[in-house]
Asker: 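Quick one: structure below, then a few questions.
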2 protein chains.
Amino acid sequence: MSERRPRKDALRNRAAVFTAADALFADCQSPDSVTMADIAVAAGVGKATLFRAFGDRTGLIRALYAARLEPVRTAVEQGPPPLGPDAEPLVRVPALLDAVLCLKLDNRHLALALEQTGSDSPYGAEYYAWCHTLLRTLLERIPGLPESDFTAHALLAATRADLVEHLAGEQGLPRDEMRARLAGFTARILGAEGTQGHQDTQESS
Amino acid sequence: MSERRPRKDALRNRAAVFTAADALFADCQSPDSVTMADIAVAAGVGKATLFRAFGDRTGLIRALYAARLEPVRTAVEQGPPPLGPDAEPLVRVPALLDAVLCLKLDNRHLALALEQTGSDSPYGAEYYAWCHTLLRTLLERIPGLPESDFTAHALLAATRADLVEHLAGEQGLPRDEMRARLAGFTARILGAEGTQGHQDTQESS
DNA sequence: TGCGAACCGGACCAACGGTCCGTATCGTCG
DNA sequence: CGACGATACGGACCGTTGGTCCGGTTCGCA
């Protein structure tokens, strides 16, 4: 029962908003310099349409980010190693973190917007829960690695959007440099030496 | 030349605002549920006085946090080991991180407010620069630990206010439990086993 | 005691997220 | 094919918040 198909124009408008917002976030100084009104204008719709389609600002940003995250998600859930489920934890963990980092590097403003969206901490978002759970599960399968829950949080904290922005954006740290640093850090946590080698798990943009 | 002493009432009001704001942040649900107007009323002054004394909301929060940080700062800069300058890096690093964590645990709302203050990322704040520089310097003195700059960032990221809030606040992780987790994480990074032992570097409140 | 500078404070402003409601469009049924 | 109800549109509107302005008051020095 219920669950009527939404009207055609509703879908069209939703898509228009989506595209416009994506573009606006892509080239802007600060994520909160792009307002809901801006997006509405750019999409050629009324402001109420935004809110009807996405609930609120947070919802819109989450939706945008979810779209960007989706390829990573499928790559992780059903792709080939090192990201896919067939990879050993010791290689999959770095691959996952690298993928997350790359995603944020490629969508800096969006990630920034997502993580600093006012009072809602990132830790309530669905995407974080997914990431954290997966990472934790992987860490649990690595012998001699206690407190996988906290470790997962701490590792993910090293990819926080504003840190990425600070290093890659303001401080000009090159992309691959940053990936290498994170990989090194991860390797240290994973307990061994020489676990570092990996590359190109993600798009480049 | 110049630099006239500020007037007496100016100082008095500044102090009043300081106290009131501190109290308001201490017991509130969300840090941004305490508005500048609230603070002004609580302090019994006009709103403009707030802005005259602290510039803007960020300035006020920074000032409040700086006051809380100050004891830690002196303990680090001229106190006894393990926090003070005479301690070996291998014990001083965990001590420093533990002190930072304790500070955030004891001033959750304030730390939260500080780190999510709209567009200004924490990485621009003076307190962070201080912390990061010190930590980096210490890490550099530990043999076999490369990329101390990134490592310092990553370790500090594990003490991010919203993570602390998520774990200690929403998830009910006990204080000492959390300290132990962070200590364990740090120890892993520092490269050895058995470097964990330490306690009570900080107030309890 | 008088005078200028410094400061006070609340009315005021602009901007933003979010809502309301009259109107236009869709799509379905006779 | 025409008409009618449901659905979505959109821009005017609202409340809140950070931040400013300016007439009046207080301070502190001579």
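Everything numeric in this text was worked out from a predicted model, so none of it was measured. Below, chains carry the letters A, B, ... as their sequence lines are ordered, and counting in each starts from 1.
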Asker: Measuring from the side chain of A:Ala10 (C-beta onward, heavy atoms only), which nucleotide among D:dC27, D:dA8, C:dG18 has the closest atom?
Answerer: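 The listed nucleotide nearest to A:Ala10's side chain is D:dA8.
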Asker: What's the CG-C1' distance between A:Asp56 and C:dC16, to the nearest Å?
Answerer: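 So the two atoms are 14 Å apart, to the nearest Å.
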Asker: Does anything in residues 29-36 of chain B reach DNA chain D, meaning a heavy atom under 4.0 Å, and if so which residues?
Answerer: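 Close to the strand are B:Thr35, B:Met36.
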Asker: Angle between ring planes, A:Phe185 versus B:Phe150, binned at 30° and 60°: parallel, tilted or perpendicular?
Answerer: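 Perpendicular: the ring planes of A:Phe185 and B:Phe150 meet at over 60°.
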Asker: I'd like to know if A:Lys47 reaches the base of C:dG18 with its side chain such that a donor and an acceptor end up less than 3.5 angstrom apart.
Answerer: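 Counting by modelled atom types and ignoring angles, a donor-acceptor contact under 3.5 Å is found here.
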Asker: Mind running side-chain contact (heavy atoms from CB on, under 4.5 Å) on A:Ser121 and B:Glu165 for me, showing each step along the way?
Answerer: CA-CA 9 Å; A:Ser121 87; B:Glu165 175 65 27; over 6 Å; no
Asker: From CG of A:Leu11 over to P of C:dG27, roughly how many Å is that when rounded to an integer?
Answerer: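 For the pair A:Leu11 CG and C:dG27 P, the rounded distance is 10 Å.
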Asker: Establish, with yes or no, whether the OP1 or OP2 oxygen of D:dC9 is under 4.0 angstrom from a side-chain nitrogen or oxygen of A:Asn13.
Answerer: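 For D:dC9, OP1/OP2 do have a side-chain N/O of A:Asn13 under 4.0 Å.
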Asker: What is the separation between atom CZ on A:Arg12 and atom C1' on D:dT7, rounded to the nearest whole Å?
Answerer: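 The distance from CZ of A:Arg12 to C1' of D:dT7 comes to 14 Å, rounded to the nearest Å.
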Asker: Rounded to whole Å, how long is the line connecting atom CZ of B:Phe51 with atom C1' of C:dC12?
Answerer: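 Taking CZ of B:Phe51 and C1' of C:dC12, I get 13 Å after rounding.
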Asker: Verify the neighbour count for atom CD of A:Glu170: are there more than 12 heavy atoms of other residues, nucleotides or ligands below 6.0 Å?
Answerer: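 Yes.
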Asker: Any Lys/Arg nitrogen of B:Glu77 or B:Arg92 sitting under 4.0 Å from an Asp/Glu carboxylate oxygen of the other?
Answerer: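 No, no charged N to carboxylate O under 4.0 Å.
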Asker: Distance criterion of 3.5 Å, no angle test: do you see the side chain of B:Arg52 paired donor-to-acceptor with the base of D:dG19?
Answerer: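 Answer is no: no donor-acceptor pair is held.
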Asker: Select one nucleotide: of D:dA8, D:dT20, D:dC27, the one nearest the side-chain heavy atoms of B:Asp9.
Answerer: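 Selected nucleotide: D:dC27.
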Asker: Between A:Lys104 and A:Thr159, is the side-chain contact (heavy atoms from CB on, under 4.5 Å) condition met? List the steps.
Answerer: CA-CA 8 Å; A:Lys104 297 200 184 184; A:Thr159 72; 3.8 Å; yes
Asker: Ignoring the backbone of B:Arg57, work out which of C:dG17, C:dG10, D:dG19 is nearest its side chain.
Answerer: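 Nearest to the side-chain atoms of B:Arg57, counting from C-beta on, is D:dG19.
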Asker: Counting any heavy atom closer than 4.0 Å, what does B:Arg7 reach on the DNA or RNA strands: base, sugar-phosphate only, or nothing?
Answerer: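 Counting heavy atoms under 4.0 Å across all strands, the contact made by B:Arg7 includes a base.
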Asker: Would B:His153 and A:His166 count as a side-chain contact (heavy atoms from CB on, under 4.5 Å) here? Give the steps.
Answerer: CA-CA 10 Å; B:His153 279 303; A:His166 177 67; 4.0 Å; yes
Asker: Between A:Glu115 and A:Ala161, is there a donor-acceptor pair closer than 3.5 Å when you use the side chain of the first and the backbone of the second?
Answerer: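 Checked: pair present.
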Asker: Whole angstroms only, please: what is the CG-P distance between B:Leu50 and C:dA11?
Answerer: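 Those two atoms, CG and P, are 16 Å apart.
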Asker: How many Å lie between CD1 on B:Ile39 and P on D:dG18, as a whole number?
Answerer: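 Result: 8 Å.
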